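The structure appears right after this line, and notes come after that.
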Amino acid sequence: MTPLDLAAAIGAALSGAVADGRIQLDPAQIPDPIHLERPKDPKHGDWSTNIALQLAKKAGTNPRQLAELIAAALGGLDGVKGAEVAGPGFLNITLDAAAAGELARTIVEQGHGFGRNEDLKGQWFNVEFVSANPTGPIHLGGTRWAAVGDALSRVLEANGARVTREYYFNDHGSQIDHFAESLLAAALGEPTPENGYGGQYIKEIAAKVLEEAGPDTLKLPRDQAQEVFRERGTAHMFQEIKDSLHEFGVDFDVYFHEQSLHASGAVTKALDDLRASGNLYEKDGAWWLKSTAYGDDKDRVVIKSDGDAAYIAGDIAYLRDKVSRGATHLVYLLGADHHGYIARLKAAAAALGIDPDSVEVLIGQLVSLLRGGKPVRMSKRAGTVVTIEDLVDAVGVDAARYALARSSIDQTLSIDLDLLAKHTNENPVFYVQYAHARTANVARKAQAAGVERTGGFDPALLTDPREADLLGALATYPRIVRQAAQLREPHRVARYLEELAGAYHKWYDACRVVPLAGDPVQDLHRTRLWLNDAARQVLANGLDLLGVTAPERM
RNA sequence: GCCCCCGUAGCUCAGGGGAUAGAGCACUGGUUUCCUAAACCAGGUGUCGAGGGUUCGAAUCCCUCCGGGGGCACCA
């Protein structure tokens with residue numbers, strides 16, 4: 001009897017009561033599935049629901065009566081030990097140990113598939129994240145989106161969605177020109193130009209370009225030399241970014257170059273079509289998108305008066321490109337400094353005839369940096385930028401990804417470098433990983449002691465309160481996977497894992513899998529091994545959704 | 001002026017209308033002849049920023065205000 005079975009039974013009880021007229025209710029108002037939760041207080045049973053409180057008014061009855069009606073229907077069910085009405089109309093349900101323990105077998109048998117579902121089958125998510133300008137290494141903020149975006153992608157996939165992870169290189173426009181100027185200046189030993197980029201990496205890339213292209217490059221006319229540095233320099237920067245993301249365990253399916261949209265004529269075509277459909281107009285020598293017609297607070301320039309395409313022109317063509325490749329959901333992870341972008345992006349989609357609701361912009365708050373408890377201003381000029389490599393060097397990939405993915409993106413995140421560099425267990429990732437390593441160790445010891453899963457699985461033996469808690473935590477996992485996808489909040493997986501790890505550690509302390517020396521191996525030990533392995537499976541499944549390794553030993 | 005996010009324990013943060021608001025860290029004490037002590041057990045702290053409203057019930061939803069952060073380009 002899983003919580004889902006129980007929810008279905010409650011739903012059936014309500015439908016039955018509607019069918020034979022005991023309550024008056026539109027069947028569509030019965031939620032599916034019925035929401036069940038693990039009560040904090042064990043006195044309130046294994047599972048609890050407030051469904052009677054929610055539906056009583058609509059059903060023209062009072063909550064306690066409605067709860068009693070459901071309780072009566074559940075009472076006779078196989079696996080249900082008791083159903084009690086409490087307080088204003090809560091329904092508290094207690095399961096037989098055997099019925100609850102059956103879950104351990106289910107999890108072990110389903111393995112990697114446990115918790116996964118097909119809710120989003122047929123939906124194709126294009127998830128664009130990081131997309132940092134290729135003018136420098138990825139900084140702390142971009143690293144957060146790398147961790148969160150990849151976790152979100154994994155969560156969506158676990159719900160049956162098809163996902164394309166996408167990185168948009170803004171390799172067109174003035175920022176890249178400044179980048180090229182900066183490289184050339186560095187090669188010539190000149191100071192960093194105004195609006196340019198400084199820092200050691202500029203010198204390194206400039207040196208590489210010079211080595212490849214030869215010293216004669218510097219004798220070329222300035223604009224030609226700059227072109228060499230632009231082309232070769234951005235290529236190096238792309239590679240560095242891809243490499244550092246790969247080191248971080250994030251590999252994009254598509255690295256998209258803005259330049260390609262201009263080169264292929266896609267931008268021109270999109271703008272022509274918008275002009276033809278009456279969505280563009282000319283004013284002050286520039287061309288404007290009538291984005292106010294689609295909810296934006298002002299119209300946007302798409303072709304500047306100097307004839308160059310504005311940034312949004314690329315975005316417009318890019319939206320269309322994503323849709324043409326099959327995506328049904330266009331998800332963007334952007335930093336809070338881009339929030340003004342939502343309205344214009346949706347307006348652009350609408351003008352193109354793309355459903356604006358398919359454009360989902362997730363705005364994440366910025367990462368602030370502390371050192372020894374004091375705020376640090378990150379500044380490229382001052383050389384205090386913290387890059388993805390700096391973070392990985394300081395704490396390792398697992399701790400970095402976990403720390404960045406465990407908070408809601410609505411929350412500004414403070415990272416204290418000194419604290420993380422200490423390698424203490426202040427980072428909860430160790431708590432979760434240690435739980436997994438323990439399960440692996442228990443399995444090894446069990447095997448050595450002759451405890452095997454084959455034969456002797458008797459869930460009725462799982463009577464310790466710690467076993468009920470652990471089973472309850474395990475049973476929650478599929479709902480967390482759903483919720484994380486629906487709300488686009490992968491951090492819920494991390495928080496769940498911390499709870500599960502806690503339940504496992506407590507169980508481990510109270511319930512031995514391996515018999516004490518001299519004691520015989522009994523069915524209790526065999527059955528607990530199933531539970532141990534179930535916990536191991538769910539810890540591994542959850543860590544996988546976060547892109548964090550599940551170590552066998554620590 | 002307008003828009004977005006936040007305000008919960010000493011710190012970092014969870015809590016998508018429910019029962020006594022939680023975790024980790026930090027602090028104090030305890031637990032190992034036996035599956036990993038990166039663990040477990042015990043000890044305690046909250047005007048959930050403030051004030052109104054909706055509700056049987058609000059940290060959660062709505063409004064106002066206060067405080068902090070981030071935006072509001074013919075930059076990308």
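Chain letters run A, B, ... following the sequence lines, proteins first and then strands; every chain starts at 1. All of these numbers come straight from a predicted model, not from anything done at the bench.
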Using a cut-off of less than 4.0 Å, is there contact between a side-chain N or O of [X] and OP1 or OP2 of [N]?
X        : N      : answer
A:Arg300 : B:rC72 : no
A:Arg406 : B:rG24 : no
A:Ser414 : B:rC13 : yes
A:Lys57  : B:rC56 : yes
A:Gln411 : B:rA14 : yes
A:Arg492 : B:rG16 : yes
A:Tyr311 : B:rA76 : no
A:His178 : B:rA76 : no

Please tell me whether [X] and [Y] have a donor and an acceptor in their side chains that are separated by less than 3.5 angstrom.
X        : Y        : result
A:Asp315 : A:Tyr341 : yes
A:Asp299 : A:Thr292 : yes
A:Thr94  : A:Asp46  : no
A:Thr549 : A:Asp398 : yes

For the side chain of [X], counting heavy atoms from C-beta on, which of [options] is nearest?
X        : options                : value
A:Lys298 : B:rA76, B:rA73, B:rC74 : B:rA73
A:Asn92  : B:rC40, B:rA76, B:rA19 : B:rA19
A:Gln365 : B:rA76, B:rC5, B:rC41  : B:rC5
A:Leu516 : B:rA76, B:rC34, B:rA39 : B:rC34
A:Gln175 : B:rC6, B:rC35, B:rC75  : B:rC75
A:Lys304 : B:rG16, B:rA76, B:rA14 : B:rA76

Note, A:Val361 side chain near A:Leu345 side chain (heavy atom, < 4.5 Å): yes
With a 3.5 angstrom cut-off on both distances, give the Watson-Crick or G-U wobble partner of [N], or none if there isn't one.
N      : result
B:rC2  : B:rG71
B:rC65 : B:rG49
B:rA38 : none
B:rG43 : B:rC27
B:rG16 : none

If you take atom types as modelled and just measure distance, does the side chain of [X] reach the base of [N] with a donor-acceptor pair under 3.5 Å?
X        : N      : answer
A:His339 : B:rC3  : yes
A:Gln483 : B:rG16 : yes
A:Ser48  : B:rA19 : yes
A:Asp171 : B:rA76 : no
A:Ser305 : B:rC74 : yes

Touch class at under 4.0 angstrom, heavy-atom based, for A:Ala449 against every strand present: nothing
Sugar-phosphate only, base, or nothing, as touched by A:Leu366 at under 4.0 Å among non-hydrogen atoms: sugar-phosphate
Chi angles and distances behind the ring pair (Phe, Tyr, Trp, His ring centres under 6.0 Å) call for A:Phe457, A:Trp530: CA-CA 8 Å; A:Phe457 178 68; A:Trp530 281 86; 5.1 Å; yes
Under 5.5 Å and under 30°: A:His44 stacked on B:rA19: yes
ring centroid sep under 5.5 Å plus plane angle under 30, A:Tyr508 with B:rC35: yes
Pairwise P distance for B:rG44 and B:rA23, with rounding to whole Å: 13 Å
Main-chain N/O of A:Leu183 paired to A:Arg230 side chain as donor or acceptor, under 3.5 Å: no
